[in-house]
There are 2 protein chains.
Amino acid sequence: MIDVTKSFILYAQCAISYDGRAKSELQQGNYIIMHKSDGSIMIHGGTLTTPLNYQPPGAILKKIENILISTRKNETLTIRIYDIKHYYQINEWSTHKIAIQYTEDDLREQIIKNIDKYFTNIAEIHKEFQTPFGPVDLLIIEREDAFHNVVELKRKHANISACTQVERYVRYFTECKIKCQGYIMCPSISKGALNYTKSHDIKFIGVDFEK
Amino acid sequence: MIDVTKSFILYAQCAISYDGRAKSELQQGNYIIMHKSDGSIMIHGGTLTTPLNYQPPGAILKKIENILISTRKNETLTIRIYDIKHYYQINEWSTHKIAIQYTEDDLREQIIKNIDKYFTNIAEIHKEFQTPFGPVDLLIIEREDAFHNVVELKRKHANISACTQVERYVRYFTECKIKCQGYIMCPSISKGALNYTKSHDIKFIGVDFEK
DNA sequence: CCATAGATCTCGCTG
DNA sequence: CAGCGAGGTCTATGG
């Protein structure tokens, strides 16, 4: 009845065990099992957005009597089926991608477009400027003294780890004898992070998405 | 036919738009829509583990003619249905929780059990020791001089942000005039992070889960 | 309620 | 392939 080579939705009384990156047991109950043509498989319970168990794309599904086994590298997901309540094979399932607006990239482009609002005397603008400690979201180098403005962007909310991120880059430039200033530019910031900026010489600039 | 007060699986030709934390459009196609009793709703395409669109628990679903609308705070998900291919109402869906082993917690307990392997002269052991910059995973205070060993744990892999995390705590204790040493203890570490530990006086100790 | 950090994170990108 | 970082992250936990 179940065709493991196809996409399907299964509602069944079953118990699940997983062994691989971690190890888990899910007691017997009624769960939804979703299988896709890329090999991914998810077990959903009656609450939450995220699946209880899953395997990512690339897994291979097999069926031995009443047991479904999904394997991938060193990971194994085992589904013991006791009672099938519903089965539906999915045909012509679309694989379109979603288009998202208002990403961190969009925010950066907007800031660059209006760069004169925030910085003056600009010689160079770099996106994702590579350092040994990771890429700087936005680097603005000034004329003459080559002062470096090191900007960490967050699409929405900055927390304390955004502060230490920009600090890391500032310390790198300082160690290279380059004069610089760290910035956080985003729509909002946590109270703890704002305190951190004030006591660690990081400038916070609030920016919002243009409609 | 569709009862928005119940849990259900729907396979339909539809188009989806979302507005809230970001903004997205998903072109018309055949998608699986899963709705749970906690209000969460997911739209799945034919590939990937993660849903294309979703609303987390607490969202409220309504139906106006052939349009499903899920709202939550300032977020709206709109599903325009053109053709229902399959509908199944889910009854008696289990909400059991999953039991996972080999978590960061398990690793910490294992290290504490074998603490004499790593540290000597121990006076106190603290889990999740609170500092203004966040909680220290494991804090081991020595006798007499009250030297603080500040340990950051990762269940699997440490990267550079784990380094700055432990640095943040070390700096806090140093500012409090407490002598300390930062550690990263985990099964593996990235090359960049390892370099960082060497140049920033952090000690890396490799630990693995006992079988 | 906000803030923080883990996760079998997933996913995409870059080297 | 690894490594790094974003994400409408989600989710659990603590203040």
Side-chain angles (χ1 to χ4, degrees), chain A residues 17-24 40 42-43 47-59 70 72-77 97-98 100-105 107-108 128 130-137 152-162 165 188-196, chain B residues 17-24 38 40 42 47-59 72-77 97-98 100-105 107-108 128 130-137 152-162 165 168 188-194:
Chain A
S17 52
Y18 163 79
D19 198 354
R21 285 177 269 181
K23 200 169 185 302
S24 73
S40 61
M42 293 123 260
I43 289 93
T47 61
L48 301 184
T49 312
T50 49
L52 292 163
N53 277 113
Y54 61 90
Q55 287 274 46
S70 171
R72 177 187 176 269
K73 293 188 183 178
N74 299 322
E75 297 182 287
T76 309
L77 182 71
K97 286 198 174 179
I98 196 161
I100 298 178
Q101 300 169 44
Y102 300 161
T103 62
E104 188 175 295
D105 235 43
L107 185 63
R108 175 165 49 203
E128 301 291 329
Q130 295 299 319
T131 77
F133 301 156
V136 176
D137 285 339
E152 177 64 28
L153 298 175
K154 292 291 163 195
R155 193 184 55 79
K156 197 165 179 89
H157 195 73
N159 59 25
I160 209 159
S161 76
Q165 211 175 330
S188 83
I189 188 165
S190 75
K191 194 183 275 187
L194 188 59
N195 287 340
Y196 196 97
Chain B
S17 53
Y18 162 80
D19 199 353
R21 284 179 266 181
K23 201 168 184 303
S24 73
D38 63 0
S40 61
M42 293 123 261
T47 61
L48 300 184
T49 312
T50 49
L52 292 163
N53 276 113
Y54 59 88
Q55 287 276 44
R72 178 186 176 270
K73 292 187 181 177
N74 299 322
E75 298 182 285
T76 309
L77 182 71
K97 285 201 174 179
I98 196 160
I100 298 179
Q101 300 170 46
Y102 300 163
T103 63
E104 189 175 295
D105 235 42
L107 186 63
R108 174 165 50 204
E128 300 291 328
Q130 296 298 318
T131 77
F133 300 155
V136 177
D137 285 339
E152 177 64 26
L153 298 174
K154 294 291 165 197
R155 192 185 58 80
K156 202 171 177 82
H157 195 74
N159 59 24
I160 207 157
S161 77
Q165 211 174 330
R168 223 159 64 201
S188 82
I189 187 164
S190 75
K191 195 184 274 187
L194 188 60

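In what follows, chains carry the letters A, B, and so on, assigned in the order in which the sequence lines appear, proteins first and then strands, with residues in each chain numbered from 1. This one's a predicted model, so the numbers in the text were calculated from it and none came from an experiment.
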Would you mind classifying the nucleic acid contact of [X] as base, sugar-phosphate or nothing, using non-hydrogen atoms under 4.0 angstrom?
X: G134(B); value: sugar-phosphate
X: R108(B); value: nothing
X: L194(A); value: nothing
X: Y54(B); value: base
X: E75(B); value: base
X: T103(B); value: sugar-phosphate
X: E128(A); value: nothing

What is the distance from [atom1] of [X] to [atom2] of [N], rounded to the nearest Å?
X: Q101(B); N: dT8(C); atom1: CD; atom2: P; value: 12 Å
X: F133(B); N: dT4(C); atom1: CZ; atom2: P; value: 11 Å
X: I100(B); N: dA7(C); atom1: CD1; atom2: C1'; value: 8 Å
X: E152(B); N: dA5(C); atom1: CD; atom2: P; value: 8 Å
X: D105(B); N: dA5(C); atom1: CG; atom2: P; value: 16 Å
X: Y18(A); N: dA7(C); atom1: OH; atom2: P; value: 13 Å

Between the protein and nucleotides 1-3 of chain C, which nitrogen or oxygen pairs come in under 3.5 angstrom?
unit_1	atom_1	unit_2	atom_2	d
dA3(C)	OP1	K191(A)	N	3.4

Suppose we screen for side chain to side chain donor-acceptor pair (under 3.5 Å). Which residues come up paired with [X], at least two apart in sequence or across chains?
X: N195(A); answer: none
X: R72(B); answer: E75(B)
X: N53(B); answer: S24(B)
X: S161(B); answer: N159(B)

Where each residue is assigned the nucleotide of DNA chain D containing its nearest heavy atom, which of A193(B) and I98(A) is assigned the position nearer the 5′ end?
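Closer to the 5' end of DNA chain D: A193(B).
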Could I get the full list of side chain to side chain contact (heavy atoms under 4.5 Å, CB included) partners for [X], not counting sequence neighbours?
X: T47(B); result: D38(A), T95(A)
X: D19(B); result: K23(B)
X: A193(A); result: C163(A), I189(A), S190(A)

Looking at every heavy atom in both M42(B) and L48(A), which two are closest together, and how far apart are they?
CE-O, 4.1 Å
Looking only at heavy atoms, the pair that brings I98(A) and L52(B) closest together is CD1-O, 3.3 Å
When you list every nucleotide of DNA chain D with an atom under 4.0 Å from a heavy atom of chain B, which one comes first 5' to 3', and which comes last?
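Listing 5' to 3', DNA chain D meets chain B from dC4(D) to dT11(D).
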Does a side-chain N or O from K23(A) land closer than 4.0 Å to OP1 or OP2 of dT8(C), or not?
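No.
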Could you tell me whether R108(B) and E128(B) have a side-chain N and a carboxylate O separated by less than 4.0 Å?
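Looking at R108(B) and E128(B), the cut-off is met.
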For nucleotides 11-15 of chain C, give me every protein contact, N/O to N/O, under 3.5 Å, one pair per line with atom names.
unit_1	atom_1	unit_2	atom_2	d
dC11(C)	OP1	T49(B)	N	2.7
dC11(C)	OP1	T50(B)	N	3.0
dC11(C)	OP1	T50(B)	OG1	3.0
dC11(C)	OP2	T49(B)	OG1	3.4

On a whole-Å scale, what distance lies between the P atoms belonging to dC4(D) and dG8(D)?
22 Å
I'd like the C1' distance from dT8(C) over to dG14(D), given in whole Å.
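Per the computed distance, 25 Å lies between those C1' atoms.
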Can you tell me how far the CG atom of L77(A) sits from the OH atom of Y18(A), to the nearest 0.5 Å?
8.5 Å
Just to verify, what does Y196(A) make a ring pair (Phe, Tyr, Trp, His ring centres under 6.0 Å) with, not counting sequence neighbours?
H200(A), F133(B)
